[in-house]
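Numbers here simply count residues along the sequence, with the first being 1.
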Amino acid sequence: MSDTLDSAPAAQEAKDGRPPVSVLAYFPGLEHTKASRWQHVDRSTFLPGADPAQVWEAATRLEGINAELAPVMRMTVPQLMRGNKPSLADVPLGVPLGRSWILLGRLLPYDYDDVTIAEREEGRRFLEVSRMSSAQAWIHERVIEPHSGGAVLTDRLTYLLKPHLRPMTPLYRRTVQQLFAHRHRRVARRFARLAPRPFV
């Protein structure tokens, strides 16, 4: 069973809610955007019995990401990740990887993600900085930490909607919250099956 935790403010955020200068460098022209326009969604889940190394491997491979998204959606492979087992753990930092189409129901394109991995701590953390058709900036930090008896998976999202979508901010935020709740449930179920069973 997993516990969903209220996580601390996103590590990549400045104190006023804006991303730090190092992250904003990927989004020229957005440096002076009002802090109130940046949206944040955080989610953490404890995975009992999970090996952090296995969680990291699943969380960085495209097949693992799509397993989390299923059956709601699927992401296509960006150009620089094409290969036998594409992984965010192997891509060059700060280099645009190409466009990944987000397919609703695994078939219908409804958004895209121009993916760049800006930062990575092997086995623990990566920071994605991307643009989407719906968002001028999409910043996704994923952290996997060992915890007594398992691991904690944390996702921190910071995003800036395109101007024409800002009236839909509450709906978009709920959708992001529900999507990451779904992803965390899928990960929790997977690692609950893999967790070693105690001897009786």
Side-chain angles (χ1 to χ4, degrees), residues 1-5 7-8 10-12 41-93 95 97-106 111-130 132 138-158 175-198:
M1 184 175 187
S2 67
D3 295 318
T4 300
L5 312 170
S7 57
Q12 78 270 12
V41 171
D42 297 350
R43 190 169 191 90
S44 290
T45 299
F46 174 54
L47 307 170
D51 178 352
Q54 290 184 331
V55 179
W56 170 259
E57 182 175 9
T60 52
R61 291 199 178 278
L62 194 61
E63 67 227 43
I65 294 167
N66 279 330
E68 294 178 27
L69 294 169
V72 179
M73 61 182 66
R74 176 174 67 87
M75 296 182 70
T76 64
V77 183
Q79 181 69 34
L80 290 187
M81 286 185 69
R82 291 178 185 168
N84 290 332
K85 291 186 177 181
S87 173
L88 299 178
D90 301 326
V91 300
L93 295 179
V95 176
L97 303 180
R99 180 163 294 182
S100 175
W101 285 96
I102 302 171
L103 308 178
L104 187 63
R106 301 188 170 198
D111 206 341
Y112 63 76
D113 191 353
D114 286 328
V115 182
T116 299
I117 301 301
E119 301 172 9
R120 183 174 55 228
E121 297 172 45
E122 182 60 34
R124 178 183 175 270
R125 170 185 176 270
F126 68 78
L127 182 69
E128 172 199 351
V129 291
S130 302
M132 303 175 72
W138 176 268
I139 302 160
H140 175 200
E141 182 183 42
R142 173 162 276 197
V143 182
I144 295 145
E145 300 272 27
H147 190 77
S148 178
V152 175
L153 171 68
T154 299
D155 285 303
R156 301 181 177 114
L157 290 302
T158 300
T175 301
V176 173
Q177 289 173 325
Q178 290 167 0
L179 174 62
F180 277 85
H182 169 78
R183 293 182 67 168
H184 279 232
R185 284 193 298 269
R186 297 270 301 179
V187 173
R189 282 198 294 269
R190 172 178 181 172
F191 283 96
R193 291 195 298 269
L194 295 177
R197 304 298 180 190

What's the spacing between [X] [atom1] and [Y] [atom2] if we round to 0.5 Å?
X    : Y    : atom1 : atom2 : answer
F126 : W56  : CZ    : CH2   : 6.5 Å
R189 : L47  : CZ    : CG    : 12.5 Å
M73  : L104 : CE    : CG    : 6.0 Å
F46  : L153 : CZ    : CG    : 12.0 Å
L157 : D42  : CG    : CG    : 8.0 Å
R61  : N66  : CZ    : CG    : 13.5 Å

message = My understanding is that only one of P86, P92, S87 makes a side chain to side chain contact (heavy atoms under 4.5 Å, CB included) with D90; could you say which?
response =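 The residue from P86, P92, S87 that satisfies side chain to side chain contact (heavy atoms under 4.5 Å, CB included) with D90 turns out to be S87.
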Polar side-chain atom of [X] near backbone of [Y] as donor-acceptor pair, under 3.5 Å:
X    : Y    : value
T116 : S130 : no
H182 : A70  : yes
R120 : V91  : yes
S100 : T76  : yes
R125 : E141 : no

ask   = With a distance cut-off below 6.0 Å to the six-membered ring centre and an angular limit of 45° from the axis, does R99 pair with Y112 as a cation-pi contact?
value = yes
key: Over all atoms of both residues, closest heavy-atom pair of A151 and P52   = CB-CG, 3.9 Å
message = I need the minimum non-hydrogen distance between I65 and M75, along with the two atoms involved.
response = CG2-SD, 4.3 Å
With a 4.5 Å limit on heavy-atom distance, are the side chains of [X] and [Y] in contact?
X    : Y    : result
I102 : M132 : yes
V143 : R124 : yes
T45  : V187 : no
L88  : E128 : no

message = Assess the residue pair D51 and F191 against the criterion (side-chain contact (heavy atoms from CB on, under 4.5 Å)); give the C-alpha distance rounded to whole Å, side-chain angles, the decisive distance to 0.1 Å, and a yes or no.
response = CA-CA 9 Å; D51 178 352; F191 283 96; over 6 Å; no
task = Determine, step by step, whether R74 and L69 satisfy the side-chain contact (heavy atoms from CB on, under 4.5 Å) criterion, reporting the C-alpha distance in whole Å, the side-chain angles of both residues, the deciding distance to 0.1 Å, and the verdict.
result = CA-CA 6 Å; R74 176 174 67 87; L69 294 169; 6.0 Å; no
ask   = T60 and R142: side-chain contact (heavy atoms from CB on, under 4.5 Å), yes or no, with the steps?
value = CA-CA 9 Å; T60 52; R142 173 162 276 197; over 6 Å; no
task = Could you check R186 against R183 for side-chain contact (heavy atoms from CB on, under 4.5 Å), going step by step and ending with a plain yes or no?
result = CA-CA 5 Å; R186 297 270 301 179; R183 293 182 67 168; 5.7 Å; no
